[in-house]
Amino acid sequence: MLEIMPINGLSMEPAKLPSFPYATKNGGSKNKSRRSNDLVCIFNTFAVGLVYVCRFVMSNPKPNALDSSKKGLHLLKLSGECCFFVNSVQLHEGLESCSTMEELKQYHSQIIKLGLSYDNDAIGRIIKFCAISKNGDLGYALKVFDNLPKPDAFIYNTIFRGYLQFQHPKECISLYSQMLQSSVTPNKFSFPPVTRACSLHNAIEEGKQVHAQILKFGYSSDGFSQNNLIHMYVTFKNLQEARKVFDKMPRPDPISWTTLITGYSQLGYINEARKVFDKMPERNPVSWNAMISAYVQSNRFHEALQLFNKMQSNHIKLDKFVAASMLSACTKLGALKQGEWIHDYIKRNGIQIDPKLASTIIDMYCKCGSLEKALETFNELTKSKSNSDSDSDSVSVSISSWNSMIGGFAMHGKGDSAIDLFKKMETESVSPDYITFVNLLSACAHSGLIEQGRYYFKHMVESHGITPGMEHYGCMVDMLGRAGMFDSAIDLINEMPMNPDVGVMGALLGACKIHNNVELGEKIGEKVIELEPHNSGRYVLLANIYANSSKWESVAKIRKLMNDRGVKKEPGFSQIEIEGSINEFIAGGRVHRDSKQIYEKVNEMLTSIKSMGYEPESENVLHDISEEEEDVENPVFYHSEKLAIAYGLLKSKPGEVLRITKNLRVCKDCHEVSKLVSKCFEREIIVRDRSRFHHFKDGVCSCNDYW
């Protein structure tokens with residue numbers, strides 16, 4: 001039993017406390033009593049709003065010295081010579097300042113000595129640290145929780161949060177059920193974590209029950225609970241219920257609107273998402289990013305760019321999330337100028353460049369055709385990182401940045417540069433990963449570096465313990481096939497520990513097209529079509545292999561097969577950025593406002609290069625030509641990239657680089673035309689097709705006709 005006695009004659013002044021243990025019978029407290037026989041220590045401890053003081057009796061205390069003249073102080077006589085006095089405010093502060101479990105356990109031991117093991121307020125703070133602190137211990141929290149006879153809502157809520165933080169949604173839901181069975185009434189802080197747990201666990205029925213209880217306990221107007229309900233139903237892909245919750249909210253906040261926008265966009269209802277966005281009374285950067293991301297992820301890049309421009313006109317500041325989304329859009333569109341502006345904005349406004357944003361910037365420059373800017377950015381980030389404190393978050397060069405740069409070299413046919421960067425990576429003790437070797441082997445494939453590719457395929461396993469995956473085998477088959485080493489490629493496929501996928505077989509089919517291997521191409525082509533029957537590109541590639549050998553009946557069969565299966569050929573298009581504006585062209589298209597001048601320029605180009613020996617190729621009977629255009633005379637003359645080049649010559653300044661993005665592989669005729677135009681008109685032309693970059697300059701392509 002605790003004996004509580006009022007105290008008189010002791011100093012009421014607070015004192016700083018030493019680390020636990022605070023004192024011993026022989027002394028150790030820094031605060032001495034005015035009485036020569038007493039040693040007093042004020043403890044950093046907590047106890048239900050009362051004030052206690054710790055006193056160590058060095059000799060027999062005089063009971064008559066104690067009276068009730070001092071209020072707020074009590075002596076808790078425990079056992080032996082030790083009596084504890086605890087200041088509640090100091091204990092609060094002490095528990096809040098805990099940084100390790102060792103410290104926490106010392107406080108916990110003092111609370112136990114005070115007889116407060118069952119006190120919800122004191123123990124609740126112990127549980128809070130253990131359950132949700134980054135240095136906590138959820139297991140310890142649960143043990144303490146299990147010993148509480150009557151935990152209150154605060155403690156239940158804390159454990160809910162702990163379960164979520166450690167990714168245990170099922171246990172969170174079970175504990176909520178236990179809470180109700182124990183007749184503990186949930187409060188408004190109970191429902192958000194439980195609702196989120198239902199989302200994570202895909203507990204649809206339990207989620208509906210929680211929704212009903214939110215209404216039952218009177219929290220239908222609580223925005224936090226309602227927002228989590230919207231998120232839950234979005235996770236369940238039940239937009240109808242999500243919309244009902246939203247529509248019943250008296251005052252939806254930006255989180256409510258943004259969650260609904262995200263829900264519509266994730267399920268492909270982009271137009272509905274835009275309608276919700278347009279109705280928002282107040283937008284923040286998060287809501288703008290949600291809508292921009294929706295356009296980017298659905299490949300509606302032009303609309304993403306238009307919305308971004310509207311955001312700018314409304315003077316909304318970019319954050320790193322909007323910047324990352326827009327850089328992705330610029331990457332897809334080949335909008336280098338727009339991407340450069342965003343990068344400059346990031347630097348001017350001191351936006352933190354995290355690993356994702358760093359790799360996004362590098363990737364944008366690589367895929368927009370500016371390998372120099374990509375390398376410059378990479379080197380700047382690397383230099384900044386080496387000059388900064390190791391714990392600094394101001395710059396961040398992660399493995400993804402190295403991978404992006406190596407991948408950039410691969411796309412541009414710079415195999416030797418990719419290998420050099422990889423060697424630097426190893427020298428700086430940056431551990432490569434699965435993606436690193438996919439990009440490195442791709443670089444070897446695009447540059448015809450056979451021996452180097454074979455070496456790094458082994459090096460990946462022997463030096464870094466990375467097991468080759470499907471993508472690695474695909475790169476190796478592509479490399480060997482491009483080199484015409486069909487026997488080696490087939491042997492490698494047969495040695496694979498898994499069945500080759502359509503990517504591996506497609507790489508071999510592409511090699512058959514390059515080397516006009518009709519017999520093997522026919523066999524592989526049929527397998528590829530079986531593996532991917534709805535991909536029009538597979539049919540087109542096989543048809544062109546037949547066409548190269550004048551097997552027109554086989555070409556007709558492929559066309560019929562496509563028609564019978566309802567496979568529509570992917571329309572080819574090319575884009576060019578002029579003065580920050582993206583212009584798109586399709587083969588034979590005349591919708592552009594300057595189409596008359598463009599076609600005149602194409603004819604001028606063709607006339608000029610014919611004097612240099614140009615003869616049109618007619619191999620690609622299906623490539624980039626729709627059914628409606630087959631009656632056009634010489635349709636190959638008006639492929640989309642030719643129209644884009646012509647427009648670039650019309651609208652750009654003399655000597656300016658033309659950067660073109662194409663969604664399909666560049667055909668042989670356009671490749672030849674681009675080489676000759678670069679020489680005849682003294683222009684550098686950079687074309688990004690579906691798989692790589694082509695740098696045309698002075699009549700030569702960087703791929704050395706190896707693509």
Side-chain angles (χ1 to χ4, degrees), residues 120 124 128 131-132 150-165 168-267 269 272-284 286-287 290-291 294:
N120 284 340
K128 180 182 177 182
I132 63 178
K150 294 182 179 181
D152 58 17
F154 170 83
I155 293 177
Y156 274 103
N157 296 346
T158 303
I159 299 294
F160 293 156
R161 292 169 60 192
Y163 274 137
L164 282 188
Q165 189 165 303
H168 299 310
K170 183 179 179 181
E171 288 78 2
C172 180
I173 298 169
S174 297
L175 184 64
Y176 175 69
S177 178
Q178 177 184 325
M179 179 186 189
L180 297 178
Q181 291 171 6
S182 301
S183 300
V184 178
T185 303
N187 58 30
K188 69 176 183 179
F189 300 107
S190 307
F191 295 111
V194 175
T195 307
R196 189 59 62 98
C198 293
S199 301
L200 292 172
H201 194 55
N202 198 33
I204 297 175
E205 291 305 316
E206 291 86 346
K208 291 178 179 178
Q209 292 175 31
V210 173
H211 185 181
Q213 287 154 8
I214 288 173
L215 301 178
K216 174 184 175 181
F217 288 107
Y219 295 108
S220 59
S221 298
D222 179 61
F224 200 26
S225 296
Q226 299 302 305
N227 286 342
N228 277 275
L229 281 176
I230 295 172
H231 177 270
M232 180 186 76
Y233 283 120
V234 164
T235 304
F236 295 161
K237 299 182 180 180
N238 190 339
L239 292 179
Q240 185 177 5
E241 287 299 322
R243 189 61 188 256
K244 283 182 181 179
V245 175
F246 176 85
D247 289 339
K248 289 179 180 179
M249 292 181 70
R251 289 179 299 276
D253 60 19
I255 295 175
S256 318
W257 291 89
T258 304
T259 305
L260 193 61
I261 290 169
T262 303
Y264 278 121
S265 63
Q266 285 178 345
L267 295 180
Y269 299 105
E272 288 299 318
R274 182 58 190 265
K275 289 177 183 178
V276 174
F277 177 82
D278 289 339
K279 290 179 181 178
M280 286 187 72
E282 180 183 350
R283 305 184 186 101
N284 59 19
V286 177
S287 54
M291 195 63 242

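We number each residue from 1, following the sequence as shown. From a predicted model like this one, the values you see are computed outputs, not experimental measurements.
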Between W257 and F246, does the ring centre distance come in under 6.0 Å?
yes
Across all chains, not counting sequence neighbours, the salt bridge (Lys or Arg N to Asp or Glu O under 4.0 Å) partners of K275 are E272
Give a yes or no on whether the backbone of I155 and the side-chain of D152 come within a donor-acceptor separation of less than 3.5 Å.
yes
Rounded distance (nearest 0.5 Å) linking atom CD of E205 with atom SG of C198:
10.5 Å
Under the rule for side-chain contact (heavy atoms from CB on, under 4.5 Å), what residues qualify as partners of S182, not counting sequence neighbours?
Y156, Q178, V184
Per the salt bridge (Lys or Arg N to Asp or Glu O under 4.0 Å) rule, what does the pair list look like for residues 171-197, sequence neighbours excluded?
none
Is a donor on one side and an acceptor on the other found under 3.5 Å between the side chain of N227 and the backbone of I230?
no
Pairwise ring pair (Phe, Tyr, Trp, His ring centres under 6.0 Å) hits with a residue in residues 177-201, at least two apart
F191-Y219
Within a strict 4.5 Å, meaning less than it, do heavy atoms of the T258 and I255 side chains meet?
no
Is the closest side-chain donor-acceptor distance between N228 and S225 under 3.5 Å?
no
With a 3.5 Å cut-off and sequence neighbours excluded, list the donor-acceptor pairs that the side chains of residues 206-215 form with protein atoms.
from: H211; atom 1: ND1; to: Y233; atom 2: OH; distance (Å): 2.8
from: Q213; atom 1: OE1; to: Y176; atom 2: OH; distance (Å): 2.5

If you measure from CZ on R161 to CG on L164, what distance do you get to the nearest 0.5 Å?
10.0 Å
For the CD atom of Q165 and the CD1 atom of I159, what is their distance to the nearest 0.5 Å?
11.5 Å
Report the distance from atom CZ of F217 to atom OG1 of T185, rounding to the nearest 0.5 Å.
5.5 Å
Please identify each residue that fulfils side chain to side chain donor-acceptor pair (under 3.5 Å) with R243, with sequence neighbours left out.
D247, Y264
